[in-house]
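Input: a single structure, listed below in C-alpha cells.
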Amino acid sequence: MRPKLIIAGGGLMGRLCALALSEPNLWPATPRIRLLEQGNFSPNTAAFQNAAAHVAAAMLAPLAESVLLDSSLVDLAYRSIALWHNLQQQLPDFALQQRGSILLAHPQQQHLLQHFVSQIKHHAQYQPQWLNKTELAALEPALADRFLHSCLLPAEGQLDNQAFMSLSLQLLKQRGVSLEAQSHVDMQANQLRCNGKLQSADLIIDCRGLGAKPQISALRAVRGEVLRVRSTAVKLSRPVRLLHPRYALYIAPKPNNIFVIGATELESNEQTAPSVRSALELLSALYAIDPAFAEAEILSLQASARPALPDNKPNLIQQPGMIRVNGLHRHGFLLGPALAEQVAQAAIAQLQHKEAAQCAPMPGLLKGVNQ
C-alpha cells in the first residue's frame with residue numbers, strides 16, 4: 001500500500017526533503033507526497049523573492065564554517081556537497097562548482113586572517129593553503145595587485161540557488177509530488193489542518209522554518225542582508241571572503257556576471273528593508289576588494305529571516321507520525337541535503353515500525369485462539 005506523506009513548508013528544506021523522499025527505488029511502493037506551501041511557488045511573487053532560500057548566496061563552505069560548526073556538522077556539510085553533485089546529475093545545470101574559496105585581508109588586518117585560519121577545524125583531506133602573490137594571481141588575477149595576504153580553502157564552492165529553486169520544482173513534478181500553494185498549515189499535537197481542514201497522512205514532515213514557532217518555542221530569527229550586482233568589469237571565478245574588524249564580507253560570483261555580496265547577520269525578526277548603514281558597509285567593502293565594482297549595476301538589496309535555535313545547530317525531532325527539521329541558521333544550503341537524507345531514513349524507519357506494529361498480533365489474541 002502506498003504511504004501518504006505530507007511535507008509542510010515549500011522552502012529549501014521542504015523541497016530537499018521532497019526530493020529525498022521521492023528518490024526512485026527508495027520505497028517498496030512509491031509514496032503519495034504532498035508539498036504544502038503557504039505562499040506561492042512562483043518566483044515572481046514578492047514573498048518568494050524575500051524568502052531566505054531565494055536571497056541566500058548558497059555558498060558551500062565547510063572549512064570556513066567549521067569555525068562555528070561542530071566536527072559532526074562539518075562531516076554533514078561534506079556529505080551535503082556529495083549529495084548536491086548527485087542532484088546536479090538529475091537536474092539541468094544550476095551552476096554547482098567546487099573550485100575552493102579564498103580568504104583575503106588588507107595588510108592592517110592580516111592578524112584577523114591568521115586568527116580565522118587558526119580556528120578552522122582540521123580535516124584529513126582538505127587543509128587551508130596560504131597563497132603568495134603569484135599563487136593568488138594564478139587563481140584570481142583581479143585580486144593579486146591589491147592583496148598580499150590570502151588563503152585558499154580547497155573543495156569549497158557554491159551553486160545558483162535561484163536556479164535550483166526553480167529547477168527543483170520541475171523534478172518534483174516529474175516524480176509525481178503534489179505541489180500545493182496557498183496552503184495555510186496549522187498544527188495541533190500531531191494533527192495537521194490545511195486551510196482549516198483536517199488532513200490525513202501516514203507521516204508529516206514539518207519544514208516550516210519560523211512558521212513552526214508555535215511548536216518550537218526556542219526558535220528565533222536571524223536576519224541576513226544581501227546585495228546583488230551585475231558587472232562585466234569584475235572577473236572572479238570562486239567565492240571570496242574579506243576579513244574585517246566589523247564583519248566578514250563574502251562575494252559569490254554567479255552566472256551572467258552577477259555577484260552576490262553579504263556580510264551582516266542581525267538578531268532580529270524584522271522584515272523591513274536593509275538599513276542605510278548595511279548598504280554603505282556592503283558597498284564600501286565591495287569597492288575595497290575591486291574598484292571596478294564602482295560601475296556595477298545594483299540589481300537588489302534584500303533582507304531575509306532565517307530560523308535558528310539557541311545553539312545555532314539544526315535539529316531533527318521525531319515523534320510518532322511526525323518528523324520536524326528546523327534551525328538551519330545560515331547553513332541551509334550547506335547542510336540541507338544531508339539533513340533531508342536523514343529525514344528520508346527516519347521516515348522509512350517510522351513507517352516500517354508502524355506497519356510491523358499493525359501486522360503484529362495483539363497480546364493474548366493467539367493464546368485465546370489456541371485454547
Working for side chain to side chain contact (heavy atoms under 4.5 Å, CB included), residues Arg223 and Glu225: CA-CA 7 Å; Arg223 177 183 167 97; Glu225 298 178 343; 2.9 Å; yes

Glu156 bridged to Arg99 by N-O distance under 4.0 Å: no

Those residues that, when tested against Lys313, pass salt bridge (Lys or Arg N to Asp or Glu O under 4.0 Å) (two or more places apart): Asp70

Shortest non-hydrogen separation from Gln129 to Pro154 and the atoms involved: NE2-CG, 3.9 Å

Pairwise distance SG(Cys194) to CD(Gln182) - rounded to 0.5 angstrom: 10.5 Å

Modelled atom types, side-chain donor and acceptor of Arg208 and Gln38, under 3.5 Å: no

Worked check of side-chain hydrogen bond (donor to acceptor under 3.5 Å, both in side chains) between Arg193 and Gln188: CA-CA 8 Å; Arg193 293 181 182 276; Gln188 298 291 335; over 6 Å; no

Side chain proximity check, Ile102 to Phe147, heavy atoms < 4.5 angstrom: no

Separation between NZ of Lys197 and OG of Ser183, rounded to the nearest 0.5 Å: 11.5 Å

Glu295 side-chain N/O to Ser231 backbone N/O, donor-acceptor pair under 3.5 Å: no

Test item: Pro62 and Leu334 side chains (from C-beta on) under 4.5 Å apart, heavy atoms: yes

Minimum-distance pair of heavy atoms, taken over all atoms of Lys213 and Ser217: NZ-O, 2.7 Å

Closest non-hydrogen atom pair between Ala305 and Ala52, with its separation: O-CB, 4.0 Å

Residue pair Leu143, Leu236: steps toward the side chain to side chain contact (heavy atoms under 4.5 Å, CB included) verdict: CA-CA 9 Å; Leu143 301 174; Leu236 292 175; 4.0 Å; yes

Pair His106-Leu242, side chain to side chain contact (heavy atoms under 4.5 Å, CB included): steps then yes or no: CA-CA 8 Å; His106 293 294; Leu242 176 67; 4.2 Å; yes

Check: Val234 and Ile289 side chains under 4.5 Å, non-hydrogen atoms: no

Flag, side chain of Arg220 to backbone of Leu309, donor-acceptor distance under 3.5 Å: yes

Min side-chain heavy-atom separation Trp27-Leu21 under 4.5 Å: yes

Minimal non-hydrogen separation, Leu60 against Phe333, with atom names: CD2-O, 3.5 Å

By salt bridge (Lys or Arg N to Asp or Glu O under 4.0 Å) - contacts of Glu135 (at least two apart): none

Sub-4.5 Å side-chain heavy-atom contact between Val226 and Ile261: no

In one Ile/Leu/Val/Met/Phe/Trp/Tyr side-chain cluster, 4.5 Å: Leu68, Phe116: no

Co-members of Ile6 in a cluster of I, L, V, M, F, W and Y side chains, linked at under 4.5 Å: Leu36, Val185, Met187, Leu192, Ile204, Met322

Euclidean distance, Ser101 OG relative to Ile251 CD1, rounded to 0.5 Å: 12.5 Å

Interatomic distance, Leu282 atom CG to Leu301 atom CG [nearest 0.5 angstrom]: 6.5 Å

His115, NE2: over 12 other non-hydrogen atoms inside 6.0 angstrom: no

Side-chain cluster (under 4.5 Å, hydrophobic types only) that Val276 belongs to, other residues: Leu280

Exam field: side chain Ser300 to backbone Gln302, donor-acceptor pair closer than 3.5 Å: no

Lys254 versus Gln158, side-chain donor and acceptor atoms under 3.5 Å: yes

Check: Lys121 side chain, Leu69 main-chain N or O, donor-acceptor pair, under 3.5 Å: yes

With sequence neighbours excluded, residues passing salt bridge (Lys or Arg N to Asp or Glu O under 4.0 Å) with Arg230: Glu297

Pair Glu140 + Lys133, salt bridge at N-O below 4.0 Å: no

Side-chain heavy-atom pair Leu339, Ser80 within 4.5 angstrom cut-off: no

Heavy-atom neighbours of His111 NE2 exceed 12 at 6.0 Å: yes

Under 3.5 Å: donor-acceptor pair, side chain of Asp160, backbone of Ala163: yes

Any donor-acceptor pair under 3.5 Å from Asn161 side chain to His54 backbone: yes

Min side-chain heavy-atom separation Arg241-Leu249 under 4.5 Å: no

Cluster link Ile258 to Phe164, ILVMFWY, side chain under 4.5 Å: no

Within 6.0 Å of NZ in Lys235, more than 12 heavy atoms from elsewhere: yes

Passing option when Asn326 is tested against Asn315, Ile317, Leu219 for side-chain contact (heavy atoms from CB on, under 4.5 Å): Leu219

Pro320 backbone acceptor or donor facing Asn190 side chain under 3.5 Å: yes

Pair His244, Glu281: side-chain N/O donor-acceptor within cut-off below 3.5 Å: no

Smallest separation among heavy atoms of Gly336 and Leu16, with atom names: C-CD1, 3.6 Å

Check: Arg306 side chain, Leu328 main-chain N or O, donor-acceptor pair, under 3.5 Å: no

Set of salt bridge (Lys or Arg N to Asp or Glu O under 4.0 Å) partners for Arg175, sequence neighbours left out: Glu23

Step-by-step side chain to side chain contact (heavy atoms under 4.5 Å, CB included) determination, Asp93 to Gln88: CA-CA 7 Å; Asp93 183 35; Gln88 182 67 95; 3.3 Å; yes

Separation between CH2 of Trp84 and CG of Leu96, rounded to the nearest 0.5 Å: 8.5 Å

Side chain proximity check, Val117 to Trp130, heavy atoms < 4.5 angstrom: yes

Side-chain donor-acceptor contact under 3.5 Å, Arg324 with Gln319: yes

Arg238 side-chain N/O to Leu139 backbone N/O, donor-acceptor pair under 3.5 Å: yes

Ring geometry between His329 and His331 (parallel below 30°, tilted from 30 to 60°, perpendicular above 60°): tilted

Parallel, tilted or perpendicular, as decided by the 30° and 60° cut-offs, for the rings of His123 and Tyr78: tilted

Interatomic spacing from CG in Leu153 to OG in Ser66 - rounded to 0.5 Å: 8.5 Å

Ser22 versus Leu172, closest heavy-atom pair with distance: OG-CD2, 4.1 Å

Modelled atom types, side-chain donor and acceptor of Gln109 and His149, under 3.5 Å: no

Donor-acceptor pair, side chain of Arg34 and main chain of Ser178, under 3.5 angstrom: no

